[in-house]
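Counting begins at 1 with the first residue of the sequence. This one's a predicted model, so the numbers in the text were calculated from it and none came from an experiment. Side chains included, hydrogens not; waters and symmetry mates left out as well; all remaining heavy atoms used.
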Amino acid sequence: MTLKKIKNPILFQGDLKKKHYFEGWYYKQISNDEKNVISFIPGISLFDDDPHSFVQYIFVSFYKNNKKTTNTGYIKYPLKEFKYSETPFTVNVGGNVFSESEILIDLANDKVNIQGNIKLGSFTTIKKSILMPNIMGFFAYIPKMECYHGIISMNHRIDGMLKINNKEINFTSGKGYLEKDWGTSFPKEYIWMQCNTFKDKNTSVFVSVANIPFMKKNFRGYICNLVLDGKEYRFATYNSSKMRIKNIDKDNVTLVLENSQVKLSIEAVLNQSGELIAPHKGNMVKKIKEELSGKVKICLYNNENKIIYEDIGVVAGIEVVGF
């Protein structure tokens, strides 16, 4: 890994000669009325006799009386149809283009037909330093971790249209989110949440709790990044914050994170998950469930335990695996 890549996780971190390796970008789009949410995951899977590229998607649409549908799919392409550029950053998978400024989609199989163009606005990036070159902190420098994670944009505006099975959906003045994973396998046990659709439009949160293999042992690592009016609150294993899982079941998760200045409570509610495919030793075979329309309540307390901010977010992304 080069320092340039470590500091810029959006760049292609691997190469096409690696073994038992995966890499995937997670682009999430939310319509302005919050009735349609779609995430695209372009990536590669380098595993023995089945190396390939792919675009995975999960799409949630709300109807009257708050009824909704959740559709997912995984479309494989030959590895030779994966192309990338660093300047400007662009990933092309089978004619589907993903960059820092736009998404061009032309996906089709026997289940779905998705076509369109989404423009991406200015990214809300995270704070970085020498000790924290990306969201993983100093762990970003350690080679051969099972899974690396990158936050590229906590929040950005999107504009454009998608035609999904002949229905046109307007995403103009909507919201976007962009993150990244690469390595060999997803953790055997993890919680992941993301939300940037709070009542306060400038609020966004990301949190990950995972079982991490490290030097022949395992530990529970965690990262949380909360952005309020441009101010960032970071809770992580690497900055001496504390975390506890207050409650977890198939419908609800409550986490409490704390540092020397503030305490954050996050309550998440899952409604209807869709099935996605995750990597195991580079092979995209592990079935997981992702909620793309959950609810998240956040409460931020000062060191006197008084609430200094609270809000409720909708169409949140939530995954709970292995618990």
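Ring centroid separation for the pair H149 and Y190 does not come in under the 6.0 Å cut-off. Ring pair Y26/W192: centre-to-centre distance below 6.0 Å. Aromatic ring centres of F82 and F12 lie closer together than 6.0 Å. For Y77 and H52, the ring centers sit 6.0 Å or farther from each other.
A donor-acceptor contact closer than 3.5 angstrom is absent between the side chains of Q29 and Y27. Between K68 and Q272, the side chains place no donor N or O within less than 3.5 Å of an acceptor N or O (distance only, hydrogens not considered). Using modelled atom types and a 3.5 Å distance limit, the side chains of S273 and E275 yield no donor-acceptor pair. Looking at Y309 and T203, their side chains do bring a donor and an acceptor atom within 3.5 Å of each other.
Salt-bridge formation is not detected for the pair K246/E267: no Lys NZ or Arg NE/NH1/NH2 atom is positioned less than 4.0 Å from an Asp or Glu carboxylate oxygen.
Of all heavy-atom pairs between P88 and S85, the closest is O-OG, 3.1 Å. Shortest non-hydrogen contact noted between S61 and K167 is OG-NZ, 4.4 Å.
Under a cut-off of 6.0 angstrom, the local environment of CD1 in I142 is crowded, with over 12 non-hydrogen atoms contributed by other residues, nucleotides or ligands. Dense packing is recorded around NZ of K5, with more than 12 heavy atoms of other residues, nucleotides or ligands lying under 6.0 Å away.
For the atom pair CG (N170) and NZ (K35), the distance works out to 15.0 Å, reported to the nearest 0.5 Å. The distance from atom CD of Q56 to atom CD1 of I277, rounded to the nearest 0.5 Å, is 6.0 Å. Atom CD1 in I41 sits 6.0 Å away from atom CD in E290 (nearest 0.5 Å). One finds the CE atom of M243 at 12.0 Å from the CG atom of L264 (value rounded to the nearest 0.5 Å). A distance of 12.0 Å separates OG in S45 from NE2 in H280, rounded to the nearest 0.5 Å. Taken to the nearest 0.5 Å, the CZ atom of F123 stands 8.0 Å off from the OG atom of S101.
Inter-residue side-chain proximity for I103 and V97 is flagged as unmet; no heavy-atom pair is nearer than 4.5 Å. Proximity of F219 to K217: side-chain heavy atoms (C-beta onward) are nowhere separated by under 4.5 Å. K175 places none of its side-chain heavy atoms less than 4.5 Å from the side chain of V315. Taking 4.5 Å as the limit, every side-chain heavy atom of F47 sits out of range of all side-chain heavy atoms of P279.
Shown are F139, Y238, F235; of these, the side-chain contact (heavy atoms from CB on, under 4.5 Å) with I223 is made only by Y238. Tested against V321, the residues K286, K188, K289 include a single side-chain contact (heavy atoms from CB on, under 4.5 Å) partner, K286. Checked options F22, F40, Y74; the residue passing with F54 is Y74 (criterion: ring-ring contact (aromatic ring centres under 6.0 Å, His included)).
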>> Please determine whether side-chain contact (heavy atoms from CB on, under 4.5 Å) holds for the pair I126 and M154, giving the CA-CA distance in whole Å, both sets of side-chain angles, and the decisive distance to 0.1 Å.
In response: CA-CA 8 Å; I126 65 169; M154 296 282 293; 4.0 Å; yes
> For M284 and K76, what are the C-alpha separation, side-chain angles and deciding distance, and is it a side-chain contact (heavy atoms from CB on, under 4.5 Å)?
Replying inline: CA-CA 11 Å; M284 299 295 288; K76 290 176 66 172; over 6 Å; no
>> Under the criterion side-chain contact (heavy atoms from CB on, under 4.5 Å), I'd like the reasoning laid out for D50 against D48: C-alpha separation, chi angles, the key distance, then a yes or no.
In response: CA-CA 6 Å; D50 186 29; D48 293 349; over 6 Å; no
> Given E23 and K18, is the salt bridge (charged side-chain N to carboxylate O under 4.0 Å, His left out) satisfied, shown in steps?
Replying inline: CA-CA 11 Å; E23 187 158 348; K18 283 182 174 288; over 6 Å; no
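V205 and L178 are not part of a single hydrophobic cluster, where members link through side-chain heavy atoms under 4.5 Å apart.
In this structure, the side chain of N8 does not engage the main chain of I10 through any donor-acceptor pair within 3.5 Å.
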